[in-house]
Amino acid sequence: YSLNSASCTDANAATSGNPASPTTFGSLTGNQLTIPAVNIRAGADILCTFTNTAITSSISGRVFNDNSGSTGVAANAYNGTQQAGELGLAGATIRLTNCAANPAPADVLATTQTDGAGDYSFSVVQPSVPNPFCVVESNLNGYTSVSGTTGYTRSSDSISIAKTAALAYTGHNFGDARLNLILTSNGQQTTTPSGTVSYPHILRSESVLSVGTLNTISTETHTYGRTTVLYRDTNCNGAVDGGESTLTSAIGQLLPNQEICVVQRVNAPANATNGAQHVATLSASYTATVQGGDVLSGSSNTRTDTTLVG
């Protein structure tokens with residue numbers, strides 16, 4: 001606490017002879033109160049009032065989408081540093097705790113949410129701040145923890161901070177990302193025996209992802225041995241053009257909002273009969289290497305291409 005003001009009154013001024021106006025006296029210099037000698041009188045009943053203000057510590061930071069933004073540089077993802085196009089995330093819940101491994105309600109000193117720019121802040125009476133203290137994030141739906149500033153632990157999504165004499169602790173930031181790989185769209189066509197149909201798809205990433213091969217799982221109502229072939233649709237026109245090659249190897253690294261187009265061809269055999277059905281289920285797997293070297297894996301949504309003979 002800091003001393004703001006002090007003043008004195010004489011409850012027995014009518015007897016002691018202290019002046020009725022002004023009713024208060026005394027001057028404060030630093031932390032020293034001086035009562036004028038003229039007010040020290042026989043019979044005086046002097047009461048001095050001191051006003052203190054609590055010293056508070058501010059703790060602040062930001063939650064942002066650490067996916068490399070608009071930089072076009074994969075190394076700018078998952079590094080805990082906000083760069084061009086990496087926008088702040090509003091509405092994330094941040095707790096200030098005593099760093100207990102599984103914080104109970106008594107371990108949580110304060111709770112807040114990030115504002116429209118992704119910023120959060122706490123103002124806490126300094127003596128109540130433990131050493132160390134932690135800020136802990138609860139992710140928004142659909143986001144994964146990928147990075148943080150000094151003191152960050154991804155497994156607990158927390159930043160541990162040592163208490164000092166400082167009154168402001170700033171720049172304690174969390175990086176999250178949507179590790180989503182989105183595949184469009186379902187298709188259904190009818191063909192004849194020996195016929196071929198084509199199904200266009202677009203694969204889009206929301207963060208920096210290393211994408212493996214596109215996998216097709218086939219199911220048939222009749223086992224005629226239909227074949228499926230994937231092509232890289234380089235001009236994204238939904239058709240297989242001359243010079244466009246089959247897609248047999250890993251797709252590789254995709255940046256945020258980067259798309260690749262593919263076409264899946266299904267070839268019906270000559271001995272297929274009317275009513276026969278073939279379903280090709282398509283998906284892709286990915287990995288993302290985040291801060292600290294953790295490798296996270298996942299897969300896209302699945303899409304189905306249904307081919308009927310008739």
Side-chain angles (χ1 to χ4, degrees), residues 1-64 88-138 148-153 156-174:
Y1 289 83
S2 62
L3 181 60
N4 278 6
S5 63
S7 61
C8 302
T9 59
D10 182 1
N12 201 24
T15 301
S16 68
N18 266 321
S21 179
T23 57
T24 60
F25 49 86
S27 60
L28 183 66
T29 303
N31 290 328
Q32 181 174 312
L33 174 64
T34 301
I35 300 174
V38 68
N39 295 115
I40 307 298
R41 297 168 180 258
D45 182 6
I46 297 175
L47 174 67
C48 295
T49 301
F50 296 84
T51 302
N52 298 311
T53 299
I55 298 175
T56 60
S57 294
S58 65
I59 303 157
S60 62
R62 176 173 291 183
V63 179
F64 66 97
L89 300 176
T93 299
I94 308 293
R95 292 174 294 160
L96 179 64
T97 78
N98 61 5
C99 297
N102 296 294
D107 299 314
V108 179
L109 306 178
T111 302
T112 190
Q113 287 190 324
T114 55
D115 64 16
D119 294 331
Y120 71 88
S121 64
F122 297 100
S123 182
V124 185
V125 176
Q126 195 176 45
S128 69
V129 178
N131 186 21
F133 61 93
C134 287
V135 284
V136 183
E137 185 204 358
S138 296
T149 47
T150 301
Y152 178 70
T153 300
S156 59
D157 206 6
S158 65
I159 300 172
S160 178
I161 306 162
K163 182 179 181 180
T164 66
L167 297 181
Y169 301 84
T170 61
H172 299 290
N173 301 339
F174 295 89

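Starting from 1, each residue takes its place in the sequence as its number. Owing to the predicted nature of the structure, the values given are computational and were not obtained by experimental measurement.
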ask   = Excluding sequence neighbours, so at least two apart, what forms side chain to side chain donor-acceptor pair (under 3.5 Å) with Thr15?
value = Asn12
key: Side-chain heavy-atom pair Asp157, Tyr152 within 4.5 angstrom cut-off   = yes
task = Just grab all the salt bridge (charged side-chain N to carboxylate O under 4.0 Å, His left out) pairs involving residues 110-132, residues at least two apart or on different chains.
result = Arg62-Asp119
ask   = Are the side chain of Thr114 and the backbone N or O of Ala92 linked by a donor-acceptor pair below 3.5 Å?
value = yes
request  = Applying side-chain contact (heavy atoms from CB on, under 4.5 Å), name anything that partners Thr24, two or more places apart in sequence or on another chain.
outcome  = Ser7, Thr9
Side chains of residues 29-38: which donor-acceptor partners sit under 3.5 Å, not counting sequence neighbours?
none

query = Between the side chain of Tyr169 and the main-chain N/O of Lys163, is any donor-acceptor distance below 3.5 Å?
reply = no
inquiry  = Distance check, rounded to the nearest 0.5 Å: Ile94 atom CD1 versus His172 atom NE2?
reply    = 12.5 Å
key: Exercise: identify the closest heavy-atom pair between Ser16 and Gly43   = CB-C, 4.0 Å
In residues 101-108, what donor-acceptor pairs under 3.5 Å come from side-chain atoms, sequence neighbours left out?
unit_1, atom_1, unit_2, atom_2, d
Asp107, OD1, Asn98, ND2, 2.9
Asp107, OD2, Ala104, N, 2.8

Qualifying residues under side-chain contact (heavy atoms from CB on, under 4.5 Å), relative to Ser128, sequence neighbours excluded = Val124, Val125
task = With rounding to the nearest 0.5 Å, note down the distance linking CD1 in Ile59 to CG in Leu167.
result = 11.0 Å
request  = Working to the nearest 0.5 Å, report the span between CD1 of Ile46 and CG of Asn39.
outcome  = 6.5 Å
key: Residue pairs passing the disulfide bond (SG atoms under 2.5 Å apart) test where at least one lies in residues 3-56, sequence neighbours excluded   = Cys8-Cys48
ask   = Are Phe174 and Val135 close enough that some pair of their side-chain heavy atoms sits under 4.5 Å apart?
value = yes
remark   = Value for OG1 (Thr111) from CZ (Phe122), rounded to nearest 0.5 Å, stands at 6.5 Å
Pairs where residues 93-123 contributes a residue and the test disulfide bond (SG atoms under 2.5 Å apart) is met, not counting sequence neighbours = Cys99-Cys134
ask   = Which heavy atom of Ala90 sits nearest a heavy atom of Gly116, and at what distance?
value = CB-CA, 3.8 Å
note = side chain to side chain donor-acceptor pair (under 3.5 Å) filter on Ser156, not counting sequence neighbours, yields Ser158
query = Under the salt bridge (charged side-chain N to carboxylate O under 4.0 Å, His left out) rule, what pairs show up with a residue in residues 16-34, not counting sequence neighbours?
reply = none
Derivation of the side chain to side chain donor-acceptor pair (under 3.5 Å) call for Thr51 and Asn4 = CA-CA 6 Å; Thr51 302; Asn4 278 6; over 6 Å; no
ask   = Can you list the residues that meet the ring-ring contact (aromatic ring centres under 6.0 Å, His included) rule with Phe25, with sequence neighbours excluded?
value = none
remark   = So side chain to side chain donor-acceptor pair (under 3.5 Å) across residues 40-49, not counting sequence neighbours, yields Asn18-Arg41
task = Compare all side-chain heavy atoms of Asn173 with those of Ile159 and state whether any distance is below 4.5 angstrom.
result = no
query = Minimum heavy-atom separation for Ala165 to Gln126, with atom names?
reply = O-NE2, 3.9 Å
